[in-house]
Number of protein chains: 2
Amino acid sequence: MRRHYATIKDIANALNISFATVSRALRDAYDVKAETRELVLAKAAELNYKPNVNAKGLAQHRSYNLGVILPTITNYYFSTVITGIQEVAYGAGYNLVLYVTNDSAERERDMIGNLSLGSLDGLLVCVSSDSALSTGFQGIIDDGIPVVFFDRVVEDIHTSKVVQDDYNGAFEATEHLIGNGYRNIAHIAGPEELAFTRNRMQGYKDALKKHGLPVKKEWIVHSGFSQAHGEQDVARLWKCRQKPDAVFAVNDRKAVGAMLALKQLNILVGQDFGVVGFTNDPVAAIISPSLTTIAEPAFEIGRISCQLVLSHIRKKKFDAKEVVLPGKLIVRESSKKA
Amino acid sequence: MRRHYATIKDIANALNISFATVSRALRDAYDVKAETRELVLAKAAELNYKPNVNAKGLAQHRSYNLGVILPTITNYYFSTVITGIQEVAYGAGYNLVLYVTNDSAERERDMIGNLSLGSLDGLLVCVSSDSALSTGFQGIIDDGIPVVFFDRVVEDIHTSKVVQDDYNGAFEATEHLIGNGYRNIAHIAGPEELAFTRNRMQGYKDALKKHGLPVKKEWIVHSGFSQAHGEQDVARLWKCRQKPDAVFAVNDRKAVGAMLALKQLNILVGQDFGVVGFTNDPVAAIISPSLTTIAEPAFEIGRISCQLVLSHIRKKKFDAKEVVLPGKLIVRESSKKA
DNA sequence: CTGAAAGCGCTTACAG
DNA sequence: CTGAAAGCGCTTACAG
């Protein structure tokens, strides 16, 4: 049988005071005699009192629920971001409501349409690849629910955003390949519509330009983010008249796919061919040759994103912030030159 | 400004009926005239009505929150389990409240102690490595809150449990090594206290026995679950008078650590030395040589665990089920023999 | 089949 | 500094 959990009334009865006073004593926001407060706190501890989140939320017009919308949780980057979000949310007494879109714009739209907005105090979102026309979010913000974008942001929408420094990371990655002697550097990019794809591509292009290398259109191939996409991209590159001698991949999974495909082609990565990724997925250190990459501050992105929604929720006054966190080049074997 | 979301009263007013009737019409559990129901449903859709979860929960003595306690979410197995849990929970209108213990019994105890049990309808848990003395859970069950264990279960507690077939998976893995000609097979195990560690170890031992091979105590080393632990374990094995020529690892991360350590020792895995893991982490296919392993049905474990708590919640009548899902041997390069 | 009413456990003006 | 009271948005016996 379900036991009865101590409520505010139990405390009030035990102490012979009104439950309104108990309520006030519990959150020290009001004037309550110090003595009274201590009695209440002691009794609450004794009875193992925990506030009923539903009642609290109902009375306060809050839910203490934070929605998190993201493409998937089964990869290093996203699971780490969630861990960061979770840490901050847990500390602040907020619950996370996960919505996994499977990187499908359609499913994303469905989920957003079915959102119980009345039961969500804020939203953390990383949009799906092809949700360029991410309507919906503006309406949510207009309703007064803070939305914070992370990683994959919607540029047109004015709200807080947290991302890694995609441009400079890509620039540094590309420059690293150039510094190691590679000259014909291709780019395996993500879906064109995504801002961070464009930013990483721009970093790549600008690094080439800075060093007087031509930007060849056929050496930039766009596709999805999976390992299989990375393999396919190499196949496409291999149809070019002039083949590249290095590749900067938009993420590690694609870099891994590329390396596997290159192995099939008997290309020696780290000697004849350079590869640099982006993320610093643990697999980067395990694959052979190990993968040079830009480490992303995934945990920090999660923490800061969550801190931002919480502060927006508390302040009501909404001043959007854009946070850009630096990445870090991790040099391994895949970018060496024979 | 936060907009007002449509409530049951808005629907009632628009239709000139009582809000009690609206409430009934919305959940078709009661006798409501078909005509009335349709009017209500239509108006609800028109007003984009979503029930307020807090109010619903408060009135029903439910929270529609499910707690999920697990060691970490940043690895393939757990993130996949969560995805399975999430899918079922989402479909049933339940929210997930994540508690990440970082595989620390202390943190686990803290979190359990601070649980707002009044706001949780059920609990899905995978205990931390050293929480042998997992008190706390029995009390929660006694309070009437269903608890389902998955993967790492507490044997002494009578409640539903969902695990992969650890014993047979281990048996098959070990037999596979034997079949491929390895004779001196060590086992890199997990913490001794965990049931699944013991089950996998037993499968390993029994396979050896079946084939008339001796079980050597010094060839069984226990430690944690990380890649680094796998590396250390190999170092320990290498101090044995007789060195093994193969190893069955309790999971893929340790297998990967072992392979890396063996590489340092200039041992050729897949030729002089066999390695088999457990999980089928994507890294198993990426590492070179690729890793033979037992694929775990992680997504299914998540789905079924969640279905079980939900059915316990609904039925109130608590009949514990123990579900064991089969794994599958995936043969790759690491277990070949020269 | 439907309405009026009480209640879930809290918060928060309003008095005093 | 504290109490009485209304209310948050729902559910659910109780009548009829």
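Chain A is the first sequence line, chain B the second, and so forth, proteins listed ahead of strands; every chain is numbered from 1. The model shown is predicted, which means the values in this text are computed figures rather than measured ones.
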For a salt bridge (Lys or Arg N to Asp or Glu O under 4.0 Å) check, start with the C-alpha distance between B:E300 and B:R303, then their side-chain angles and the critical distance, and finish with the verdict. CA-CA 5 Å; B:E300 273 305 292; B:R303 288 193 55 225; 3.1 Å; yes
If only atom types and distance count, is the side chain of B:K161 paired as donor or acceptor with the main-chain N or O of B:V154 below 3.5 Å? yes
Between C:dC10 atom C1' and A:L26 atom CG, what is the distance in whole Å? 10 Å
For B:I8 and C:dA4, give me the distance from atom CD1 to atom C1', rounded to whole Å. 15 Å
From the list D:dT11, D:dA4, D:dT12, which nucleotide is the closest neighbour of the side chain of B:R24? D:dT12
Between C1' on D:dT11 and CG on A:L58, what's the gap in Å once rounded to a whole number? 12 Å
Give, ordered by number, those residues of residues 46-54 of chain B having at least one heavy-atom distance below 4.0 Å to an atom of DNA chain D; if nothing qualifies, reply none. B:Y49, B:K50, B:P51, B:N52
Base paired to D:dA4 (Watson-Crick or G-U; both N/O distances under 3.5 angstrom): none
Spacing between B:Q60 atom CD and D:dA13 atom C1', to the nearest angstrom: 14 Å
Atom CG of A:L15 and atom P of D:dG3: how far apart are they, to the nearest Å? 10 Å
Mind jotting down which residue pairs meet the ring pair (Phe, Tyr, Trp, His ring centres under 6.0 Å) criterion with at least one end in residues 84-122 of chain B? Sequence neighbours excluded, please. A:Y90-B:Y99, A:Y99-B:Y90, B:Y64-B:Y94
Atom-pair distance (OH on B:Y5; P on D:dC8), nearest Å: 17 Å
Side-chain contact, heavy-atom cut-off 4.5 Å: A:E46 with A:K43? yes
Taking the nucleotide of DNA chain C with the closest heavy atom to each, which residue, B:A55 or B:T21, is nearer the 5' end? B:T21
Got a donor-acceptor contact below 3.5 angstrom from the B:N75 side chain to the B:Y77 backbone? yes
Given atom NZ of B:K56 and atom C1' of D:dC10, what is their separation to the nearest angstrom? 10 Å
Spell out, as yes or no, whether a donor-acceptor pair under 3.5 Å connects the side chain of A:N54 to the backbone of B:K56. no
Protein-nucleotide distance (B:N13, atom CG; C:dG3, atom C1'), rounded to Å: 14 Å
Heavy atoms from C-beta onward define the side chain here; which of C:dT2, D:dG3, D:dC8 lies closest to that of A:A59? D:dC8
When B:F19 and A:N16 are each assigned the nearest nucleotide of DNA chain D, the 5'-most assignment goes to A:N16
What's the closest nucleotide to the side chain of A:S18 if the choices are D:dC10, C:dC10, D:dG3? D:dG3
Under 3.5 Å donor-acceptor, B:D121 side chain and B:S63 backbone: yes
Does C:dT11 have its OP1 or OP2 closer than 4.0 Å to a side-chain nitrogen or oxygen of A:S23? yes
